[in-house]
Trainee: 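Submitted below is the structure of interest, expressed as structure tokens.
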Amino acid sequence: MFTKSSLLNFYVFCVNVNKKAAFLKKWIWIVMFISVFLSLVGLYVTNLQIIKSGLYIIIPAAVVYIVLFALMPASVIIIGSKNTEFKYSSGGELSDWYEPTYLYNKNIDWLETVLKNLQTKGLSLQSNVILSPSANKGKYEYEISKKFPNSTVIATDIFVPNGHVTSENNFTYLSGNNNAIDARHYLKSNNIVKVDLIFDIKGALWHSGNDKNLKRILEEYYSILNKGGTIVFDAYDYSYKYNFRMNPKSEGYRENSTLSKIEKMLNKSEWINKHFDIIPAGKGETKVAILRKK
């Protein structure tokens, strides 16, 4: 039987393994590049006189490194997809993702552009009840509350972080650890039954993982949305570059978008297509997707 102490020790072990794996991945890339470079230099210096020079070992070594170079992208994708939770857990290589992403989005006017993109699709945030069930520190949501003072903005998260924005005027950050699939319950506890818009940026949908979990979350969202209500989530195009960051603290996004992770599940689900219209808005890194309740 697992005790609380043993589970905690296992968690710490997994986090440490993840940190070491991220460090090791970086140096594997460096060693591979240097090895291939030296192999090619060796071939050039010896003028291809491999057998006579006794350096014939360079050829199989170069082949091995080239094969490893070809296999590394696939292995990184597979390993990364299997350890998502550890990456974002306390101490993981992406545990601090929120602040760097927020600062990057400020530099590219992300929120302002997204709001304009939503307006082009007939979606106004004026006089709405807006819920962000995976708000992290709630900085985007607080900015929205300032831009739309006649709206009610509610933010919360499954693990409430230190330093989150505190409740003020039309902005409320719900205390306690609130799971997105229990939205009806915690909203009812705060005298709210229905909302007009759900803002889910790299949140519950991003973490849904499989068809069953995604449907459970969307069923919960559907139940609390008013007729014609919408879900908004990030939808910039999938790119392999997010899997090959040698420096996890480099500027820009460090993960793929919510749409890239759930698009196949969205398209093949009869229930989702029966209950929602899927509408893209914008382009590039400010592209978002809208699920509008039918």
Side-chain angles (χ1 to χ4, degrees), residues 1-16 18-19 82-102 129-145 151-210 212-225 229 231-234 254-255 258 261-262:
M1 182 176 181
F2 291 106
T3 64
K4 186 175 182 179
S5 176
S6 64
L7 289 174
L8 179 60
N9 290 335
F10 177 70
Y11 168 78
V12 172
F13 168 78
C14 290
V15 169
N16 288 333
N18 182 63
K19 292 171 71 176
K82 298 294 184 182
N83 294 279
T84 298
E85 296 301 324
F86 291 139
K87 284 184 178 182
Y88 288 87
S89 300
S90 177
E93 65 177 285
L94 297 178
S95 59
D96 67 335
W97 73 274
Y98 186 87
E99 286 296 338
T101 302
Y102 176 76
V129 178
I130 301 168
L131 170 66
S132 181
S134 308
N136 201 287
K137 293 186 178 181
K139 293 185 177 182
Y140 302 102
E141 294 76 6
Y142 181 72
E143 290 183 29
I144 291 174
S145 74
S151 291
T152 299
V153 182
I154 305 144
T156 191
D157 210 318
I158 190 169
F159 297 116
V160 177
N162 294 326
H164 68 77
V165 183
T166 56
S167 300
E168 178 183 306
N169 299 324
N170 61 321
F171 172 79
T172 301
Y173 198 111
L174 300 181
S175 60
N177 298 325
N178 296 309
N179 196 321
I181 61 174
D182 296 322
R184 273 178 289 188
H185 174 72
Y186 65 70
L187 286 177
K188 187 176 180 180
S189 299
N190 289 272
N191 300 314
I192 299 171
V193 178
K194 296 287 185 178
V195 302
D196 301 297
L197 185 144
I198 297 173
F199 195 66
D200 193 330
I201 304 298
K202 295 175 186 172
L205 295 177
W206 193 94
H207 284 282
S208 57
N210 58 50
K212 183 178 179 180
N213 290 337
L214 178 64
K215 186 181 177 185
R216 283 184 66 196
I217 294 170
L218 289 178
E219 284 176 338
E220 187 71 8
Y221 287 177
Y222 187 86
S223 70
I224 62 175
L225 280 171
I231 305 166
V232 175
F233 57 91
D234 52 293
R254 293 183 282 168
E255 63 285 305
T258 299
K261 292 173 71 70
I262 68 172

Trainee: For the backbone of N178 and the side chain of D182, can you confirm whether one donor and one acceptor N or O come within less than 3.5 Å of each other?
Mentor: no

Trainee: With the side chain counted from C-beta on, respond yes when I154 and N190 share a heavy-atom pair under 4.5 Å apart, and no when they do not.
Mentor: no

Trainee: Examine distances only and state if a side-chain atom of N169 and a backbone atom of F171 form a donor-acceptor pair shorter than 3.5 Å.
Mentor: no

Trainee: Do L197 and I231 come close enough that some side-chain heavy atom pair is under 4.5 Å?
Mentor: no

Trainee: S189 versus H185: any side-chain heavy-atom pair under 4.5 Å?
Mentor: yes

Trainee: For the CG atom of N179 and the CD1 atom of I158, what is their distance to the nearest 0.5 Å?
Mentor: 4.0 Å

Trainee: Describe, in one word, how the ring planes of Y140 and Y102 are oriented to each other, choosing from parallel (under 30°), tilted (30 to 60°) and perpendicular (over 60°).
Mentor: perpendicular

Trainee: Donor-acceptor pair, E220 side chain versus A180 backbone, under 3.5 Å?
Mentor: no

Trainee: Taking the side chain from S132 and the backbone from F199, do they hold a donor-acceptor pair closer than 3.5 Å?
Mentor: yes

Trainee: Whether K261 and E255 form a salt bridge (side-chain N of Lys/Arg under 4.0 Å from carboxylate O of Asp/Glu) is what I want to check.
Mentor: no

Trainee: Whether E99 and K139 form a salt bridge (side-chain N of Lys/Arg under 4.0 Å from carboxylate O of Asp/Glu) is what I want to check.
Mentor: yes

Trainee: Would you find a donor on one side and an acceptor on the other, under 3.5 Å apart, between the side chain of S167 and the backbone of Y173?
Mentor: yes

Trainee: Ignoring hydrogens and angles, tell me if any N or O in the side chain of S134 forms a donor-acceptor pair with the backbone of A204 under 3.5 Å.
Mentor: yes

Trainee: I need the minimum non-hydrogen distance between V129 and K194, along with the two atoms involved.
Mentor: CG1-O, 4.0 Å

Trainee: How about D234 and T258: does a side-chain donor come under 3.5 Å of a side-chain acceptor?
Mentor: yes

Trainee: Please report the closest heavy-atom contact between K137 and G163, naming both atoms and the distance.
Mentor: CD-O, 4.1 Å

Trainee: Counting N and O atoms only, with roles assigned by atom type, does the side chain of K202 sit under 3.5 Å from a partner on the main chain of F233, one being a donor and the other an acceptor?
Mentor: no

Trainee: Run I192 and I224 through side-chain contact (heavy atoms from CB on, under 4.5 Å) and show every step you take.
Mentor: CA-CA 9 Å; I192 299 171; I224 62 175; over 6 Å; no

Trainee: If we only count heavy atoms from C-beta on, is the Y221 to D200 side-chain gap below 4.5 Å?
Mentor: yes

Trainee: Which atom names give the shortest non-hydrogen contact between N213 and N210, and what distance separates them?
Mentor: N-OD1, 2.8 Å

Trainee: Measure across S208 and I217 and return the closest heavy-atom pair with its distance rounded to 0.1 Å.
Mentor: CB-CD1, 3.9 Å

Trainee: What heavy-atom pair brings T156 and G176 nearest, and what distance separates the two atoms?
Mentor: OG1-O, 4.1 Å

Trainee: What's the verdict on side-chain contact (heavy atoms from CB on, under 4.5 Å) for N177 and D157, showing C-alpha distance, side-chain angles and the deciding distance?
Mentor: CA-CA 6 Å; N177 298 325; D157 210 318; over 6 Å; no

Trainee: Quick one: OG1 on T101 to CD1 on I201, what's the gap to the nearest 0.5 Å?
Mentor: 11.5 Å

Trainee: Would you say I198 and V232 make side-chain contact, with heavy atoms under 4.5 Å?
Mentor: no

Trainee: What heavy-atom pair brings A183 and L131 nearest, and what distance separates the two atoms?
Mentor: CB-CD2, 4.5 Å

Trainee: Assess the side chains of E168 and Y142: does a donor N or O sit below 3.5 Å from an acceptor N or O?
Mentor: yes

Trainee: Is the shortest heavy-atom distance from the side chain of I130 to the side chain of D196 under 4.5 Å?
Mentor: no

